[in-house]
Amino acid sequence: MIEIKGLAKSFAYDKKEAKKKKNRETIDPREGDGVLHAVRDVSFSCDKGKVLGLLGPNGAGKTTTLRMLSTALEPTKGEILINGHDVTKEPRYAQKLIGFLSGKTGLYHRLTVRENVEYFGRMHGLSRLVMDERIDKIFSMLDMHTFAGKRADDLSTGMMQRASIARAVIHDPKVLVFDEPTTGLDVISAKTVLDFIESYKGSEMAVIFSTHHLHEVERLCDDVCLIDLGETKFFGNTREFAAQTPSGNLYDAFLHNVDNKEIEVA
Amino acid sequence: MWLVYKKELLEILRDKKTLIFSILLPTIIFPVLFFGIGKFTQSKTEEAETKELKIAFINGDTFEGLTDLFTAEKYFKKVTIESSDYKNEILDDNVDFIIEVPETASMPSSSTKQEMINLYFKGSSKLDNISSKRVKDIIELYNNTQRLALGEKFNLTTDNVKAFNTPISIENKNFASERERMGEFAGPLIAYILIALAVSGAMYPALELGVGEKERGTLETLLLTPMSKGRIVLAKFAVIFTASFFTVIVTLLSYFIWTYIFTMGGKMGGLDFLSNISGLDLLLVAVLLVPLTSIFASIMLSASIYAKNMKEAQAYMSPIFMLGFMPVIVAFVPGMELDVKTAMIPITNVALAMKDLIKGTVDYGMIGVLLASTVVIAGGLLYFTTQFFKKEKVLFRS
């Protein structure tokens with residue numbers, strides 16, 4: 001299980017940007033004192049076997065939240081707990097339990113698919129025996145044996161995405177984080193990713209899935225967390241989220257919860 | 001760390017660009033520069049020395065015997081020009097040289113004043129200089145005969161004429177060895193090439209391993225593994241250093257092999273000094289490049305990590321390249337010597353030491369001083385790079 005409590009992250013503007021910001025007034029609550037409070041107060045949780053949809057407009061703080069969750073960024077405030085262990089205090093523990101996949105495939109183009117997956121397996125300390133077993137299992141599951149020896153730069157988009165998935169799960173993570181994984185993918189490639197996420201429903205894995213495509217949320221997510229202006233605006237069951245508006249659809253619910261439809265310069 | 005190092009190295013070796021810059025370029029650069037260009041220059045010089053030159057004389061008979069000296073030479077052809085527009089005659093290639101003896105002139109050996117001639121030609125290149133020298137050499141020969149004739153007129157012996165002409169002659173007794181004299185010219189060139197190759201050898205891997213990883217999205221993935229950031233950046237640094245240093249070693253080996261091939265049996269005269277450079281001196285040249293390569297590897301990796309994209313990173317590389325070479329150029333300013341002060345100036349010190357090693361005039365004690373100062377700087381820069389790599393603002397700069 002993963003729990004995020006009162007998470008916040010601020011970035012200091014560089015001198016040039018700070019000077020620019022100083023000369024104008026803004027109603028954006030995230031800006032102030034030469035600092036951008038990209039994430040101000042985000043809380044949610046996700047149990048094993050569940051898929052959580054992380055929603056929000058561009059710049060809401062989703063990617064920053066996921067980067068903190070995956071230990072790439074250190075939170076300014078708040079807690080991230082995986083199975084009760086604090087990620088900020090035990091980053092190595094968290095890194096072993098987290099698998100991460102973004103829209104960018106994160107593959108080394110001059111390595112073969114197998115070399116890519118093996119490399120990340122070794123980085124996670126897998127033994128040769130365990131790795132061979134896992135590679136065989138994952139490659140069969142994703143139908144990857146036919147192109148395992150191909151270099152990543154010779155792959156189609158769909159193959160690349162499957163290779164990325166294999167790379168993300170080689171160490172058998174307990175929390176799988178997807179940051180807009182279908183962005184820029186064609187329908188077939190996107191389906192591969194979505195089918196894969198669906199296959200983990202009810203498993204030992206908790207899946208956090210950030211997306212702009214609400215039909216994907218409808219299909220996959222048990223729970224939803226909507227972030228806007230760096231704050232959690234809604235966290236709960238997907239059906240409850242949709243039921244917030246008379247139409248009962250996710251689109252209306254999304255718009256209902258989002259404040260910053262337009263933040264303009266005052 | 002070893003795992004990251006092996007993987008990065010494998011990727012680099014599969015990159016054609018890196019292979020070209022690390023192996024192909026260094027392998028061919030010495031034969032091309034030293035032997036290829038040397039051979040080409042030699043053949044062009046020979047061509048200029050044996051080229052048939054068309055020469056015309058205006059009032060040439062006034063100086064008796066002058067035209068005969070030219071026509072007796074195999075590669076001179078006496079021609080007649082039709083117009084008095086000498087410039088156009090030469091520009092139209094009707095003639096290469098025109099010797100005009102003024103109408104008022106008289107035979108030098110019977111004259112009481114200095115006579116003069118006008119020499120018209122078009123000389124802009126070094127090869128033109130060779131041609132004009134051929135003409136001037138014959139005129140000088142004529143001058144000598146006239147000088148002796150004048151001497152006879154005043155009852156002077158040949159020795160008297162020589163003494164009159166040049167009261168003190170200088171016979172050079174230069175104790176500088178062939179290696180020192182040739183090294184003075186070749187030393188800076190070799191140092192410049194080795195440093196250039198060390199820099200270019202570091203540049204491509206630095207771009208690939210820094211901003212290249214950012215652009216591909218692999219850096220973020222790498223940071224999520226249990227490997228510490230410090231180890232990751234050290235592995236990256238080690239790969240850049242290896243690639244750069246390997247480039248230099250390949251160059252040195254290429255230098256050895258090609259020197260051996262070209263100097264065998266004295267087929268290429270003038271290159272013997274290269275084979276006089278001892279193995280120890282060459283080893284020291286390689287050792288000097290260790291901290292130097294580390295400096296460039298650290299700076300380039302930092303710039304590459306800092307850049308948002310490849311375009312920005314490439315924009316940083318050009319000034320680094322130029323700033324890296326300014327100290328090299330300073331090292332070759334006449335009068336710059338390797339001493340305690342210059343041994344403290346990074347890059348300049350290495351360039352000066354390389355020059356001295358190639359010339360065979362190095363103070364080995366100074367090598368120790370410069371190595372100590374360069375290692376401290378290289379270590380400081382490496383520490384900075386590792387700290388830089390840990391900064392969120394750098395890694396996720398947008």
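Everything numeric here is computed off the predicted structure, so don't read it as measured data.
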Note to self: Using heavy-atom distances under 4.5 Å, tell me whether B:K390 contacts chain A through its side chain, its backbone, both, or neither.
What the structure shows: neither
Check: Does CE belonging to B:M326 count more than 12 external heavy atoms closer than 6.0 Å?
Finding: no
Note to self: Quick one, B:R216 and A:L107 - any side-chain contact, counting heavy atoms below 4.5 Å?
What the structure shows: no
Note to self: A:Y108 and side-chain hydrogen bond (donor to acceptor under 3.5 Å, both in side chains): which single residue from B:E213, B:E8, B:E11, B:R14 fits?
What the structure shows: B:E213
Next item on the list: Drop me the distance from A:H109's NE2 to B:E208's CD, to the nearest 0.5 angstrom.
Entry: 10.5 Å
Next item on the list: Compare all side-chain heavy atoms of A:M123 with those of B:L222 and state whether any distance is below 4.5 angstrom.
Entry: yes
Note to self: Can you confirm whether more than 12 heavy atoms, excluding those of A:I188, are under 6.0 Å from its CD1 atom?
What the structure shows: no
Check: Which heavy atom of B:L3 sits nearest a heavy atom of A:Y119, and at what distance?
Finding: O-CE1, 3.9 Å
Next item on the list: Go through B:E220, B:E215, B:K229 and name the one with the most non-hydrogen pairs under 4.5 angstrom from chain A.
Entry: B:E220
Checklist line | Interface residues of residues 88-95 of chain A facing chain B - heavy atom cut-off under 4.5 Å | finding: A:R92, A:Q95
Item checked: For B:P226 against A:K96, the heavy-atom pair lying closest together -> CG-CG, 3.9 Å
Checklist line | Residue-level interface, residues 63-79 of chain A with chain B, non-hydrogen cut-off under 4.5 Å | finding: A:R67, A:S70, A:T71, A:A72, A:L73, A:E74
Notebook entry, point to check: Could you state the interatomic distance from CZ (A:R110) to NZ (B:K16), rounded to the nearest 0.5 Å?
Noted result: 11.0 Å
Notebook entry, point to check: Where on B:L224 is there a heavy atom nearer than 4.5 Å to chain A: the side chain, the backbone, both, or neither?
Noted result: both
Check: Are there more than 12 heavy atoms of other residues, nucleotides or ligands under 6.0 Å from atom OH of B:Y316?
Finding: yes
Next item on the list: Flag the pair B:T225 / A:F120 as yes when at least one side-chain heavy-atom distance between them is below 4.5 Å, and no otherwise.
Entry: yes
